[in-house]
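Everything below concerns the one structure shown next.
Hydrogens, waters and symmetry mates are skipped; everything else that's a heavy atom, side chains included, is used. In what follows, chains carry the letters A, B, and so on, assigned in the order in which the sequence lines appear, proteins first and then strands, with residues in each chain numbered from 1.
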Amino acid sequence: MKVRVRCFAAVREIVGVGELIVDLPEGAALIQLISQLGSQFPRLQALTGSLLFSVNREYASTDKRLAEGDEVALIPPVSGGTDV
Amino acid sequence: MGEPMFEITDQPLSLEPLVNAVKRSSSGAVATFLGVVREQTRGRQVRYLEYEAYREMAIPKMREIVEEIHQKWKVDEVAMMHRIGHLQVGEASVAIAVSAPHRHEALAACAYAIDRLKEIVPIWKKEVWTDGEEWVGPGTCEHH
């Protein structure tokens with residue numbers, strides 16, 4: 001199945017494009033997509049601990065099952081820490 | 001009566017259109033918030049900021065914040081606008097207006113709106129300093 005991945009900010013700069021179509025095994029969970037992207041773009045791995053994810057424009061946890069045509073976004077950190 | 005206003009724009013922001021959009025005959029107060037680009041951040045000199053949004057998710061998240069507000073306070077209307085693109089020091093990045101029958105509700109809801117916006121609305125800024133750059137996004141513990 002194919003899902004659409006939207007990339008923003010630091011993630012977009014690492015991936016090099018704002019949008020990817022990724023082929024996944026049927027019934028795969030979000031975590032599998034993240035791991036697949038991590039192998040394809042090793043620099044993403046440094047970020048994945050702090051990334052949030054959305055599926056079809058709702059925040060989602062990594063065990064969320066994906067379906068054909070889903071729109072996934074990697075919501076990047078949140079670098080920079082605190083400010084006053 | 002205007003329509004509730006939720007926008008992401010690359011044009012300069014001002015509060016007046018938002019104030020006009022939220023005013024109702026029941027309103028006794030309109031509270032506003034304007035976030036502006038500061039010259040110094042975390043001790044570094046800002047050259048400019050570059051804002052980017054996941055627009056298709058950001059607008060529904062703004063609406064969700066307004067639903068939350070209506071559950072917490074008796075307010076009339078809420079309007080929110082966020083600017084994206086290249087912003088210079090002193091320019092406004094985000095504008096919020098909340099109307100309510102009474103001032104306490106308007107002020108509390110306006111403070112809540114900007115805090116929640118920074119938590120859940122997927123908009124990022126790249127801070128470009130005189131000596132480097134960094135992306136900052138939703139959930140950052142940041143206070144203007």
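The number of heavy atoms from other shown groups lying within 6.0 Å of NZ (B:K126) is above 12. Counting heavy-atom neighbours within 6.0 Å of B:H102 NE2, excluding the residue itself, gives a total of 12 or less. Heavy-atom contacts from other residues, nucleotides or ligands closer than 6.0 Å to CD of B:E16 number 12 or fewer. The 12-atom threshold is exceeded at CZ of A:R4, counting heavy atoms of other residues, nucleotides or ligands nearer than 6.0 Å. The 12-atom threshold is not exceeded at NE2 of B:H104, counting heavy atoms of other residues, nucleotides or ligands nearer than 6.0 Å.
The distance from atom CE of B:M57 to atom CZ of A:R6, rounded to the nearest 0.5 Å, is 11.0 Å. Here CZ of A:R57 is found 12.0 Å from NZ of B:K61. Values are rounded to the nearest 0.5 Å. With rounding to the nearest 0.5 angstrom, the OH atom of B:Y54 is 10.0 Å from the CG atom of A:L74.
Interface remark: A:E13 contributes side-chain atoms only to the contact with chain B (heavy atom separation under 4.5 Å). Heavy-atom distances place both the backbone and the side chain of B:P122 under 4.5 Å from chain A. Heavy atoms closer than 4.5 Å to chain A are found in the side chain of B:E52, but not in its backbone. Looking at B:E50, neither its backbone nor its side chain comes within 4.5 Å of chain A, counting heavy atoms on both sides. In this structure, chain A has no heavy atom under 4.5 Å from any part of B:A58.
Under the 4.5 Å side-chain heavy-atom criterion for Ile, Leu, Val, Met, Phe, Trp and Tyr, B:V89 and B:W129 are members of the same hydrophobic cluster. A continuous path of Ile, Leu, Val, Met, Phe, Trp and Tyr side chains, each step under 4.5 Å between heavy atoms, connects B:I114 with B:I59, placing both in one hydrophobic cluster.
Closest non-hydrogen pair, B:I120 versus A:Y59, comes out as O-OH, 2.6 Å.
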